[in-house]
Amino acid sequence: MRTRGGNKWNEEMPGKQEAADFICECAHGLENASGLDALMEAIGDAQYVLLGEASHGTHEYYTWRTHITRRLIAEKNFSFVAVEGDWPDCYRLNRYVKGYADAGNSAKEVLQEFNRWPTWMWANWETVALAEWLHKFNRNQAPGRKAGFYGLDVYSLWESIEAIIKYLERTDRVAAEAARKAVRCFDSFGHDEGRSYAQAAALIPASCEEEVTDLLATVRRGMKHYNTDPEGALNAEQNAVVAVHAEHYYRTMMKGGISSWNVRDHHMTETLERLVNFHGTGSKAIVWEHNTHIGDARATAMSAGGMVNVGQLLNEKYGSRKVFRVGFGSYSGSVIAGKEWGEKMERMNVPRAMEGSWEELLHRTGMTVFYLLTESLKKKHFFREALGHRAIGVVYHPEYEQHGNYVPSIIPLRYEAFVFIDQTKALHPLHVPASESQVPETYPWGI
């Protein structure tokens, strides 16, 4: 993949201002949700709408995704939201938004229980606002029409097995014993998010693969009997699938390379398809994940390293008419992140975007909040090469940003649309000191 001057604008290419002026001609300004009309029209009859983010801790990414999500559900009958989160935690929120019995008294109460690091990704006031809207919307919907909320990720190995045990103890004692056998296998490695297991599995041939595979088979044999909850069978099966794939993920993680990344994104894609199949004919999915998962990997430097992602896998299988991907980005602001994995969250400054990057080019337009339908960019040859495109993870060091936070990307091939907010601010976590524990002043931000 060629890049302009090593992710910077090549002096032989047309001037940046010329490109910025063309973007202005194509841009759709955003002041409120009504400004999304052109985006809704472009989405058309797509079955999968993937909404990205350039960080896991930015307020505006969550609020604009919520605006888009509300319109997709209310106007286009989308069936559920699936996020880059753990299945057990998100399933509890799904039960709340659908009004199931004993599902909690508020979204805040449920989200407070999201205690896996990075807690702020979903335990935040922005997600509370979305969940309360879903809860209210669902009150007037028939049981089969209620919009759900699910987690796609693969990390929750122990939580998923423990959830299976609790469920199966009420419904299937044989299957419950299979789950306890899986727990006994993993217990000797400790519950440190899979790292002990990953390290041991890298050194010795023995693993718990057989135990979790047997568990999944046992659960699937008994699924027709798991009717204690409207989605009980789906929940039991998915927790078992997570256990199988998480075991594989942690086993490959210590080997390095791209294998564990691909295991994870294949799992998320398969989970998404399982959810669509569960919801039946005509069901449609909204996905909330980082840009690195939803933007087509083939249009980035990821592809050269052998990496695939959800946006690529769905597009390859279903085609561009069924899959619509929306990237997000900003020029500067603040973000919630940690300095190292597992360390306390911090509000950090996001420096001005690197010169010659995609974000710096959008900043040159002088527009503060807008989106592009990227089909229009394909008309100009200078958008057919790769520009550096910022990606901030849960671990972030602003001072070193230019050395590793930019993914060379051909934007019109990576996304069908792109939302740009020039200045952004950090989101509002729920897990904060008691002195800071209050509803943000402007909540729910017009949602």
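Atoms considered below: every heavy atom in the structure, side chains included; atoms not considered: hydrogens, waters and symmetry mates. The model shown is predicted, which means the values in this text are computed figures rather than measured ones.
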Decide yes or no for [X] and [Y]: does some side-chain heavy atom of the first lie under 4.5 Å from some side-chain heavy atom of the second?
X      : Y      : answer
Thr424 : Val350 : no
Pro429 : Leu427 : yes
Val369 : Phe420 : no
Thr269 : Val308 : no
Trp341 : Trp117 : yes
Tyr61  : Leu51  : no
Leu387 : Ile411 : no
Thr368 : Ile421 : no

Apply side-chain contact (heavy atoms from CB on, under 4.5 Å) to Arg274 and Glu237, showing your working. CA-CA 10 Å; Arg274 188 174 299 110; Glu237 180 187 28; 3.9 Å; yes

Could you state the interatomic distance from [atom1] ([X]) to [atom2] ([Y]), rounded to the nearest 0.5 Å?
X      : Y      : atom1 : atom2 : answer
Phe324 : Leu39  : CZ    : CG    : 5.0 Å
Leu152 : Leu275 : CG    : CG    : 7.0 Å
Ser334 : Glu346 : OG    : CD    : 13.0 Å
Leu313 : Glu270 : CG    : CD    : 9.0 Å
His381 : Glu385 : NE2   : CD    : 9.0 Å
Met348 : Tyr396 : CE    : OH    : 8.5 Å

Do [X] and [Y] sit within salt-bridge range, that is, some charged N less than 4.0 Å from a carboxylate O?
X      : Y      : answer
Asp422 : Arg364 : no
Glu231 : Arg95  : no
Asp86  : Arg116 : yes
Glu84  : Arg264 : yes
Glu416 : Arg325 : yes
Glu75  : Arg71  : yes

Between [X] and [Y], is any side-chain donor less than 3.5 angstrom from a side-chain acceptor?
X      : Y      : result
Glu273 : Asn277 : no
Thr66  : Thr63  : no
Thr271 : Gln238 : yes
Arg298 : Asn315 : yes
Tyr415 : Ser409 : no
Asn124 : Thr127 : yes
Asn235 : Trp87  : yes

Just do the side-chain contact (heavy atoms from CB on, under 4.5 Å) check on Leu36 and Ile68 with the steps written out, would you? CA-CA 7 Å; Leu36 296 167; Ile68 296 169; 3.8 Å; yes

Let's go through Arg390 and Glu401 carefully: what are the C-alpha distance in whole Å and the side-chain angles of both, what is the deciding distance for salt bridge (charged side-chain N to carboxylate O under 4.0 Å, His left out) to 0.1 Å, and is it a yes or a no? CA-CA 9 Å; Arg390 178 151 54 192; Glu401 179 182 86; 2.7 Å; yes

Donor-acceptor pair, distance only, cut-off 3.5 Å: does the side chain of [X] make one with the backbone of [Y]?
X      : Y      : answer
Asn262 : Met307 : no
Ser79  : Lys284 : yes
Glu343 : Lys339 : no
Thr58  : Glu60  : no
Asn309 : Gln312 : yes
Lys146 : Asn138 : yes
Ser303 : Thr300 : no
Asp296 : Arg414 : no
Ser357 : Ala353 : no
Tyr96  : Lys108 : no

So, for [X] and [Y], is the gap between ring centers shorter than 6.0 Å?
X      : Y      : value
Phe80  : Tyr150 : yes
His290 : Phe328 : no
Trp358 : Tyr406 : no
Tyr62  : His428 : no
His28  : Phe370 : no
Trp288 : His293 : no

Nearest non-hydrogen partners of Ala285 and Leu272, listed with the distance: CB-CD1, 3.8 Å

Only pairs at least two apart or in different chains count here, so list each side chain to side chain donor-acceptor pair (under 3.5 Å) that has a residue in residues 41-53.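 For residues 41-53: Glu53-His56, Glu53-Arg65.
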
Start with the C-alpha gap between Trp125 and Leu111, add the side-chain angles, then the distance that decides, and say whether side-chain contact (heavy atoms from CB on, under 4.5 Å) holds. CA-CA 9 Å; Trp125 282 101; Leu111 288 164; over 6 Å; no

Keeping to residues at least two apart or across chains, list the salt bridge (Lys or Arg N to Asp or Glu O under 4.0 Å) pairs with something in residues 117-142. none

Intermediate values then yes/no, side-chain contact (heavy atoms from CB on, under 4.5 Å), Gln17 and Phe22: CA-CA 8 Å; Gln17 195 57 50; Phe22 181 77; over 6 Å; no

Would you sort out whether Ser332 and Gln423 count as a side-chain hydrogen bond (donor to acceptor under 3.5 Å, both in side chains), showing the intermediate values? CA-CA 5 Å; Ser332 62; Gln423 301 289 321; 2.8 Å; yes

